[in-house]
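Just so it is clear: chains get the letters A, B, ... in the order the sequence lines come, proteins before strands, and each one is counted from 1.
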There are 2 protein chains.
Amino acid sequence: MKRVRANPGEGTRLREEILAAAEALLVERGSEEALTLRAVAGRTGVSTPSVYLHFADKEQLIEAVCLRAWDELERRMREAAQGIDDPFWALGRCGHVYVRFALDHPVQYRVLMMRQGSGSAATACFGYIVEAVSACVTSGALRGDPQTLALGLWSAAHGCASLLISQPSFPWPDDLDAFIDDTVWMAGLGTAIASRLSRRRVLPGVAAELDAFADRLNG
Amino acid sequence: MKRVRANPGEGTRLREEILAAAEALLVERGSEEALTLRAVAGRTGVSTPSVYLHFADKEQLIEAVCLRAWDELERRMREAAQGIDDPFWALGRCGHVYVRFALDHPVQYRVLMMRQGSGSAATACFGYIVEAVSACVTSGALRGDPQTLALGLWSAAHGCASLLISQPSFPWPDDLDAFIDDTVWMAGLGTAIASRLSRRRVLPGVAAELDAFADRLNG
DNA sequence: CCGTCAGGTTAACGCCGTCAATCTGACGAT
DNA sequence: ATCGTCAGATTGACGGCGTTAACCTGACGG
């Protein structure tokens with residue numbers, strides 16, 4: 001139970017241990033409110049106020065934990081897009097990886113994305129998505145301002161992830177990955193077409209037009 | 001400062017006053033964690049434990065406050081859809097009203113939709129959306145299982161609302177209502193087309209196909 | 001051998017949600 | 001008129017929380 005004390009210069013060691021304990025406890029308890037500084041300190045084998053040696057307050061500790069996950073997400077997205085020639089297809093893979101990652105780290109995702117204030121975390125990730133969208137604009141798959149397009153696409157992916165996480169009681173399909181694919185595909189196609197339309201309106205024969213278009217893509 | 005005591009049979013009066021005070025404080029402070037039972041009781045002019053006469057705990061009080069807002073949302077959505085002939089167009093209006101409402105009641109929306117557990121609130125609303133989607137399937141605008149389609153569409157609307165609320169520092173367009181319209185339109189069109197496609201793939205000339213389709217709809 | 005100072009600890013404060021025990025006063029029965 | 005009753009509301013307290021100030025400790029350079 002008793003920790004060996006760190007030598008001078010090893011100040012960061014305790015920081016890492018606290019981060020690890022906090023991450024484990026956060027996942028175990030399932031929410032940030034249920035996480036206690038006393039519990040974190042206890043698991044680390046250290047007194048409670050020692051946490052304040054490395055983190056200004058509880059808020060910053062939790063944020064630091066979740067930022068770790070965020071870094072890994074960006075890494076995975078770049079990895080998923082690598083080696084795919086068509087930028088539009090690569091963007092779709094990114095979307096899938098994004099949602100999947102959120103589902104695999106629900107607590108961290110909620111902390112980072114479903115609270116007010118801490119928006120700085122997502123900024124770097126947003127930059128990467130804008131890049132990917134820009135490539136699609138260059139290739140002709142999308143039209144318009146990459147930043148605005150990226151916001152729309154991100155909101156679609158985020159909606160899918162967020163709803164799956166916070167509303168597990170909804171009648172979700174059994175095959176979640178297929179549903180995620182459908183959603184990403186829906187957002188991609190919808191953005192591609194909407195970005196080409198000069199104005200929104202309902203045509204009398206819109207269903208027939210859609211049928212014809214789908215036939216050509218299917219056949 | 002001193003409240004007049006309620007007569008027997010007036011037990012619900014205090015309940016209403018507490019609800020009102022809690023709602024006001026929740027909006028003022030901007031988050032549920034910042035809301036204090038002591039503050040609620042104080043504003044109502046009553047002692048703290050009196051809250052427990054009408055609510056089992058803090059959780060249920062907050063939930064009751066937010067459920068009020070939810071009821072109004074469903075009312076507004078029905079109102080918006082009323083008198084619109086085309087079901088697909090009506091569905092789009094519902095989506096816009098949904099996102100607008102979320103933005104107008106950000107705290108309540110977050111409490112109800114961005115936390116785990118309390119999923120029962122949205123179930124009724126979900127039923128209404130499935131109805132609206134079913135009408136679109138009947139009219140031929142959409143194809144497939146209404147429930148699954150509804151989940152996808154809802155996730156798009158929710159993503160837009162949720163991201164706007166929790167990430168205000170993003171570079172959102174100035175005209176928010178136009179952006180909401182674009183997002184809703186994107187989701188609707190995307191779902192309509194994706195529901196017609198037998199399989200997902202990238203065609204070499206997909207951009208050209210999209211251009212041609214858009215030209216016919218634009219012209 | 002001794003100060004110094006990074007790396008901790010102890011004790012406490014104020015606030016929180018919650019609960020058991022208590023008070024109060026209007027009203028029906030006598 | 002009075003008295004018991006019981007819904008309506010209060011008092012006081014408990015344990016746990018985040019956070020802070022003050023204090024301890026032991027390895028290392030001089």
Side-chain angles (χ1 to χ4, degrees), chain A residues 1-26 28-66 107 111 115 117-118, chain B residues 1-26 28-66 107 111 115 117-118:
Chain A
M1 209 55 176
K2 215 52 182 172
R3 263 174 49 91
V4 277
R5 182 188 175 135
N7 288 339
E10 283 188 310
T12 22
R13 203 190 66 189
L14 179 56
R15 187 190 156 92
E16 294 303 319
E17 292 183 33
I18 290 177
L19 272 176
E23 180 169 15
L25 275 168
L26 194 66
E28 274 178 33
R29 308 208 170 180
S31 93
E32 24 162 348
E33 296 136 34
L35 183 72
T36 302
L37 285 191
R38 283 171 162 83
V40 171
R43 178 163 300 201
T44 316
V46 107
S47 76
T48 309
S50 292
V51 176
Y52 289 88
L53 294 173
H54 296 284
F55 303 95
D57 52 15
K58 183 185 177 182
E59 179 75 21
Q60 289 205 14
L61 168 60
I62 291 180
E63 201 170 304
V65 168
C66 296
V107 191
V111 169
R115 302 202 312 183
S118 63
Chain B
M1 207 55 175
K2 216 50 180 172
R3 262 174 49 90
V4 278
R5 180 185 175 141
N7 289 338
E10 282 189 310
T12 23
R13 202 190 67 189
L14 178 57
R15 186 189 156 93
E16 293 304 318
E17 292 183 32
I18 290 178
L19 271 176
E23 180 169 15
L25 275 167
L26 194 65
E28 273 178 32
R29 309 207 172 182
S31 93
E32 25 162 348
E33 296 137 34
L35 183 72
T36 301
L37 285 192
R38 283 171 163 84
V40 171
R43 178 164 300 200
T44 316
V46 106
S47 76
T48 310
S50 291
V51 177
Y52 288 88
L53 294 173
H54 297 284
F55 302 95
D57 52 14
K58 183 185 178 183
E59 179 74 21
Q60 289 204 14
L61 168 61
I62 290 181
E63 200 170 304
V65 167
C66 296
V107 191
V111 169
R115 302 203 313 182
S118 64

Looking only at non-hydrogen atoms, find the nearest pair between B/S50 and B/I18 and report the distance.
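Between these two residues, the closest heavy atoms are O-CD1, 4.3 Å.
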What heavy-atom pair brings A/A24 and A/R43 nearest, and what distance separates the two atoms?
CB-NH1, 3.9 Å
Does A/S50 make a side-chain N or O approach to OP1 or OP2 of C/dT9 shorter than 4.0 Å?
yes
Does the side chain of B/S47 get closer than 4.0 angstrom to OP1 or OP2 of D/dA9 through an N or O atom?
no
Find the distance [X]:[atom1] to [N]:[atom2] and express it as a whole number of Å.
X	N	atom1	atom2	result
A/R13	C/dG7	CZ	P	11 Å
A/F55	D/dT20	CZ	P	16 Å
B/L25	C/dG17	CG	P	12 Å
A/H54	C/dG7	NE2	P	7 Å
A/E59	D/dG18	CD	P	12 Å
A/L53	D/dT25	CG	P	17 Å
A/R29	D/dG16	CZ	P	13 Å
A/K58	D/dG18	NZ	C1'	8 Å

Closest approach to the side chain of [X], judged atom by atom: which nucleotide of [options] is it?
X	options	value
B/T48	D/dT19, D/dG18, C/dT18	C/dT18
A/P49	C/dT10, D/dT19, D/dT10	C/dT10
B/V46	D/dC17, C/dG8, D/dT10	D/dT10

Under the 3.5 Å rule, do the base of C/dG17 and the side chain of B/R38 count as making a donor-acceptor pair?
yes
Exactly one of A/T36, A/V65, A/L35 clears side chain to side chain contact (heavy atoms under 4.5 Å, CB included) with A/L25, and that residue is A/L35
Using a cut-off of 4.0 Å on non-hydrogen atoms, how would the nucleic acid contact of B/L35 be classed: base, sugar-phosphate, or nothing?
sugar-phosphate
Quick one: label A/L37 by what it contacts on the DNA or RNA (base, sugar-phosphate, nothing), any heavy atom closer than 4.0 Å.
sugar-phosphate
Salt bridge present between B/E59 and B/R115 (N-O < 4.0 angstrom)
yes
Supply the atom-to-atom distance A/E33 CD to A/I62 CD1, rounded to the nearest 0.5 angstrom.
9.0 Å
